[in-house]
Student: 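Here's a structure for you.
As the structure is a prediction and not an experimental result, all values here were calculated from the model.
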Amino acid sequence: MEGLDRSGKTTQTQKLCEHLQRTNTVKLIKFPDRTTPIGKMIDAYLRSQSELDDRAIHLLFSANRWECAGTIEAELRAGNTVICDRYAFSGVAFSASKSSLSYEWCKAPDISLPAPDAVVFLDISPEVAQQRGGYGEERYEKEEMQRTVRQIFRKIETDTAQANGHIIWATIDASGTLDEVQQRIQKAVEPLNGGITGEIQRLWM
């Protein structure tokens with residue numbers, strides 16, 4: 001599950017988990033995981049309580065994902081459903097929106113992470129996002145930043161379709177009501193309901 005800030009992503013992710021738990025064992029992982037030592041450094045940065053070089057913070061975000069890669073693979077091999085609230089795609093979109101970092105450089109640290117079978121991207125305009133509660137509390141919640149992030153997500157969608165044909169990418173209009181958006185999400189992941197067989201795919205290999 002990916003999305004722009006204040007797109008309702010965390011709420012929708014939880015509702016999707018509740019929906020899928022009726023018929024599946026579901027593991028929910030939230031990125032960044034702010035409880036780990038690396039995650040605590042990220043949390044302080046996002047709350048503007050510390051300053052870090054753009055490259056350093058990007059590598060910390062990636063390291064935070066690698067901390068959980070073994071858990072993700074173990075859950076998948078056990079036949080369970082894994083839902084990630086943000087993943088490597090967010091890492092690329094937010095870091096590459098900074099002029100100091102190139103798109104390809106931002107992808108590199110996450111190469112060979114477990115690849116998702118589907119990406120649900122909750123799309124919302126910065127104007128609508130600004131009207132939602134809590135907007136602007138964290139470092140990246142700035143209108144111009146969100147516009148650039150949105151453009152890079154579109155590039156990632158195109159590149160993912162070309163390079164990883166096994167990944168379903170669904171862009172969902174997140175400006176509707178909570179129930180309307182959830183119905184769109186459930187429809188997008190419906191093709192996976194029968195389960196996935198074969199080896200775990202690798203991201204951007």
Side-chain angles (χ1 to χ4, degrees), residues 1-33 61 64-65 68-69 71-73 75-76 79-97 106-107 110 113-126 128-129 132 140-141 146-196 200-204:
M1 294 286 290
E2 298 281 14
L4 299 176
D5 289 338
R6 305 297 166 179
S7 61
K9 179 180 48 55
T10 297
T11 300
Q12 293 294 352
T13 299
Q14 186 59 50
K15 286 183 69 67
L16 179 61
C17 280
E18 293 168 1
H19 170 70
L20 294 177
Q21 281 172 342
R22 299 170 187 170
T23 54
N24 302 271
T25 299
V26 179
K27 172 72 172 180
L28 172 60
I29 300 176
K30 297 183 179 183
F31 289 112
D33 180 349
F61 271 108
N64 192 237
R65 290 185 283 274
C68 297
T71 298
I72 291 173
E73 292 196 36
E75 292 288 342
L76 293 175
N80 300 331
T81 297
V82 177
I83 299 180
C84 293
D85 183 347
R86 291 207 187 280
Y87 198 47
F89 308 95
S90 275
V92 173
F94 281 86
S95 288
S97 67
C106 291
K107 287 174 61 178
D110 291 319
L113 275 173
D117 298 298
V119 177
V120 175
F121 172 62
L122 299 185
D123 189 27
I124 189 172
S125 70
V128 173
R132 298 189 171 182
Y140 294 144
E141 291 177 353
Q146 293 294 311
R147 288 186 188 282
T148 304
V149 169
R150 193 183 193 192
Q151 292 172 354
I152 296 174
F153 263 119
R154 288 171 177 163
K155 176 175 173 53
I156 296 171
E157 177 182 4
T158 299
D159 291 353
T160 300
Q162 293 174 348
N164 296 280
H166 66 280
I167 297 178
I168 298 171
W169 186 292
T171 296
I172 303 293
D173 179 3
S175 61
T177 68
L178 193 151
D179 288 340
E180 287 172 346
V181 175
Q182 181 60 203
Q183 289 174 6
R184 294 168 193 160
I185 293 170
Q186 291 179 15
K187 184 176 180 180
V189 302
E190 198 171 305
L192 303 177
N193 285 349
I196 301 295
I200 296 171
Q201 300 292 320
R202 298 292 163 184
L203 192 61
W204 295 320

Student: Would you give the length of the straight line joining atom NZ of Lys9 to atom CD1 of Ile124, rounded to the nearest 0.5 angstrom?
Tutor: 12.0 Å
Student: With a 4.5 Å cut-off on side-chain heavy atoms, are Val181 and Leu122 touching?
Tutor: yes
Student: How long is the gap from NZ on Lys30 to CG on Asn64, to the nearest 0.5 Å?
Tutor: 14.0 Å
Student: Can you measure from OG1 (Thr11) to CG (Leu16) and round to the nearest 0.5 angstrom?
Tutor: 12.5 Å
Student: Going by heavy atoms in the side chains, are Leu178 and Gln12 under 4.5 Å from each other?
Tutor: yes
Student: I need the minimum non-hydrogen distance between Leu4 and Phe121, along with the two atoms involved.
Tutor: N-CE1, 4.1 Å
Student: Please check if the side chain of Gln146 supplies one atom and the backbone of Asp5 the other of a donor-acceptor pair under 3.5 Å.
Tutor: yes
Student: Could you work out, with side chain to side chain contact (heavy atoms under 4.5 Å, CB included) as the rule, every residue matching Cys68, not counting sequence neighbours?
Tutor: Ile29, Phe31, Asp33
Student: How close do Pro114 and Ile200 get, counting heavy atoms only, and between which atoms?
Tutor: CB-CG2, 4.1 Å
Student: What orientation do Phe153 and Phe94 show, parallel under 30°, tilted 30 to 60°, or perpendicular over 60°?
Tutor: perpendicular
Student: Working note: Arg86 + Met1, criterion side chain to side chain contact (heavy atoms under 4.5 Å, CB included); need CA distance, chi angles, decisive distance, verdict.
Tutor: CA-CA 6 Å; Arg86 291 207 187 280; Met1 294 286 290; over 6 Å; no
Student: Please round to the nearest 0.5 Å and tell me the distance separating atom NE2 of His19 and atom CD of Gln182.
Tutor: 7.5 Å
Student: Side chains of Arg150 and Arg154: does their closest heavy-atom pair fall under 4.5 Å?
Tutor: yes
Student: Which heavy atom of Ala188 sits nearest a heavy atom of Ile168, and at what distance?
Tutor: O-CG2, 4.4 Å
Student: So does Glu73 pair up with Lys27, basic N to acidic O under 4.0 Å?
Tutor: no
Student: What distance separates Ile172 CD1 from Asp123 CG, expressed to the nearest 0.5 Å?
Tutor: 10.0 Å
Student: Write down the atom of Ser97, the atom of Ile152, and the distance for their closest heavy-atom approach.
Tutor: N-CD1, 3.4 Å
Student: If you take all heavy atoms of Ile185 and Val120, which pair is closest and at what distance?
Tutor: CG1-CG1, 4.1 Å
Student: Quick check: closest heavy atoms across Val26 and Cys17, and the distance to 0.1 Å?
Tutor: CG1-SG, 3.9 Å
Student: Between atom NZ of Lys15 and atom CG of Leu20, what is the distance when rounded to the nearest 0.5 Å?
Tutor: 12.5 Å
Student: Do Val119 and Tyr87 have side-chain heavy atoms sitting under 4.5 Å apart?
Tutor: no
Student: How far apart are the C-alpha atoms of Lys155 and Gln151, what are their side-chain angles, what is the distance that settles it, and do they pass the side chain to side chain contact (heavy atoms under 4.5 Å, CB included) test?
Tutor: CA-CA 7 Å; Lys155 176 175 173 53; Gln151 292 172 354; over 6 Å; no
Student: Is Asp173 reaching over with its side chain to a backbone N or O of Ser175, donor-acceptor style, under 3.5 angstrom?
Tutor: yes
Student: Are side-chain N/O atoms of Glu190 and Gln186 paired as donor and acceptor at under 3.5 Å?
Tutor: no
